[in-house]
Visitor: 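Here's a structure for you.
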Amino acid sequence: MREYFLAERLKNRHTYTEKLTVIMPMAAVCLSGWLTRDYFIIDSYNWWYMVLFPAMLALICASVGNRDKKMGDRSIRVLPVEMGAVWDGKILYGIQCMGISLLVFMAAAIIVSMGLTRIAHQVFPINPSVEEQLLAVVVLFVTSLWQIPFCLFLQQAAGVFPMILLHLGSYLITAVELSLHPFFMALPGGITARLLCIILKILPNGLVAKPGSLTFTQELLDLWGLPVGIGASILWFSLFWAISRKWFERQVEK
């Protein structure tokens, strides 16, 4: 499997895929620091995991999935390789890009928040510790793994633009609405927003998770959501990987 991953990384070398993993998280942090300095921490994380992060993953998957598809998969059909392993390589490369972008985002958010605090003497209504932000990024990574095989499958089956529209539309609906209910794990898009509400005390609508805020209820902060959400995310990721892998094998071998 390592060879297939390295092949995907080589195919996407010096493309906009690599640039997105740095540009998008930096843009999220800079935009929040410029527009909403008082609520920098809240808005940078909220804008990132609600909109910019899933959009970036969709664009990365569009690039990774389109390398072979635009040639009718002829570049891999002629090779004596296992098609399922080729799919695994695409998913692993997408996961690597996702991990790099999250590290860049966390580092930028911490550096900017420390600069605003020490230099501009900025006081934030919510100022998560470095440990809390690290936990939030780890949870964001685990609960977002499903997006890679899901977006790759949609790109292969429907095309780039339908995939982006379907993914972002469904993600926003589930993240905003489903995450507020006890059955938030019923669809994977509702998990991340719920768990980051517990860790960072930020509601999906960007408000502070406290009494008086719109859509707030005390159950949104219940710690039981963490193991339930993480477990459900891993199951969704495994399911999407297995189904999309089998579909890709059959599609290419037709």
Side-chain angles (χ1 to χ4, degrees), residues 7-9 11-28 31 46-77 83 86-102 104-105 140-141 143-179 187-193 204 233 236-237 239-254:
E8 287 299 325
R9 191 168 69 177
K11 282 191 287 186
N12 289 278
R13 192 177 180 183
H14 303 307
T15 64
Y16 80 84
T17 305
E18 293 182 338
K19 298 179 177 63
L20 277 176
T21 60
V22 176
I23 293 174
M24 289 290 279
M26 292 294 293
L31 189 64
N46 185 253
W47 294 354
W48 177 239
Y49 70 78
M50 289 295 291
V51 181
L52 296 176
F53 183 55
M56 183 201 70
L57 293 184
L59 292 173
I60 287 175
C61 289
S63 175
V64 173
N66 212 36
R67 294 276 173 239
D68 296 320
K69 187 181 179 181
K70 66 183 179 181
M71 295 184 290
D73 292 323
R74 291 187 296 273
S75 59
I76 57 177
R77 284 178 176 174
M83 292 301 111
V86 172
W87 187 253
D88 295 340
K90 295 180 185 297
I91 291 176
L92 291 174
Y93 178 72
I95 291 174
Q96 182 197 58
C97 292
M98 182 175 72
I100 292 173
S101 71
L102 288 174
V104 172
F105 174 82
L140 179 55
F141 176 82
T143 59
S144 299
L145 286 171
W146 66 271
Q147 296 186 57
I148 302 298
F150 180 74
C151 287
L152 282 171
F153 167 74
L154 281 182
Q155 186 273 332
Q156 294 288 313
V160 172
F161 292 107
M163 177 272 287
I164 294 174
L165 292 176
L166 285 171
H167 177 56
L168 287 181
S170 61
Y171 184 88
L172 285 173
I173 292 172
T174 52
V176 171
E177 179 59 31
L178 188 62
S179 62
L187 291 174
I191 297 174
T192 298
S233 294
W236 279 112
F237 170 60
L239 181 63
F240 283 135
W241 189 335
I243 293 175
S244 62
R245 189 182 198 270
K246 181 62 67 175
W247 178 88
F248 183 76
E249 287 178 330
R250 293 177 178 175
Q251 188 72 13
V252 174
E253 292 172 357
K254 282 183 180 180

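Index from 1, following the sequence. Since the structure is predicted, the reported quantities are computational estimates derived from the model, not experimental observations.
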Visitor: I need the M26 CE to L31 CG distance, nearest 0.5 Å.
Guide: 12.5 Å
Visitor: Find out whether K90 and I148 are in side-chain contact, i.e. whether some heavy atom of one side chain is under 4.5 Å from a heavy atom of the other.
Guide: no
Visitor: Can you check whether P188 reaches F150 side chain to side chain, under 4.5 Å on heavy atoms?
Guide: no
Visitor: Quick one: does any side-chain atom of S144 pair with a main-chain N or O of F141 as donor and acceptor, under 3.5 Å?
Guide: no
Visitor: Any heavy-atom pair between the side chains of Y171 and L57 that's under 4.5 Å?
Guide: no
Visitor: Please report the closest heavy-atom contact between I91 and L152, naming both atoms and the distance.
Guide: CG1-CD1, 3.8 Å
Visitor: Search all heavy atoms of W87 against all heavy atoms of S244 and return the closest pair with its distance.
Guide: NE1-OG, 2.8 Å
Visitor: Kindly assign one of parallel, tilted or perpendicular to the pair F240 and W146, based on the angle between their ring planes and the thresholds 30° and 60°.
Guide: tilted
Visitor: To the nearest 0.5 angstrom, please state how far the OG atom of S101 sits from the CE atom of M56.
Guide: 3.0 Å
Visitor: Using a 4.5 Å cut-off on heavy atoms from C-beta on, say whether the side chain of T17 contacts that of C97.
Guide: yes
Visitor: Taking the side chain as everything from C-beta on, heavy atoms only, tell me whether R9 gets closer than 4.5 Å to Q96.
Guide: yes
Visitor: Does C151 reach the side chain of H167, with side-chain heavy atoms less than 4.5 Å apart?
Guide: yes
Visitor: Testing W48, F53, W47, Y49 one by one against F105 for a ring-ring contact (aromatic ring centres under 6.0 Å, His included), which residue passes?
Guide: W48
Visitor: Could you walk me through whether M50 and V176 satisfy the side-chain contact (heavy atoms from CB on, under 4.5 Å) test, starting with their C-alpha distance in whole Å, then the side-chain angles of each, then the deciding distance to 0.1 Å, before giving a yes or no?
Guide: CA-CA 9 Å; M50 289 295 291; V176 171; 3.6 Å; yes
Visitor: Check for a donor-acceptor pair, side chain of S63 on one end and backbone N or O of I60 on the other, with a separation under 3.5 Å.
Guide: no
Visitor: Do you know which two heavy atoms are closest between Q155 and A62, and how far apart they sit?
Guide: CG-CA, 4.0 Å
Visitor: With no hydrogens and no angle check, do the side chains of T143 and T192 hold a donor and an acceptor under 3.5 Å apart?
Guide: yes
Visitor: Taking all heavy atoms of A58 and all of M163, pick out the closest pair and write down the distance.
Guide: O-CE, 3.2 Å
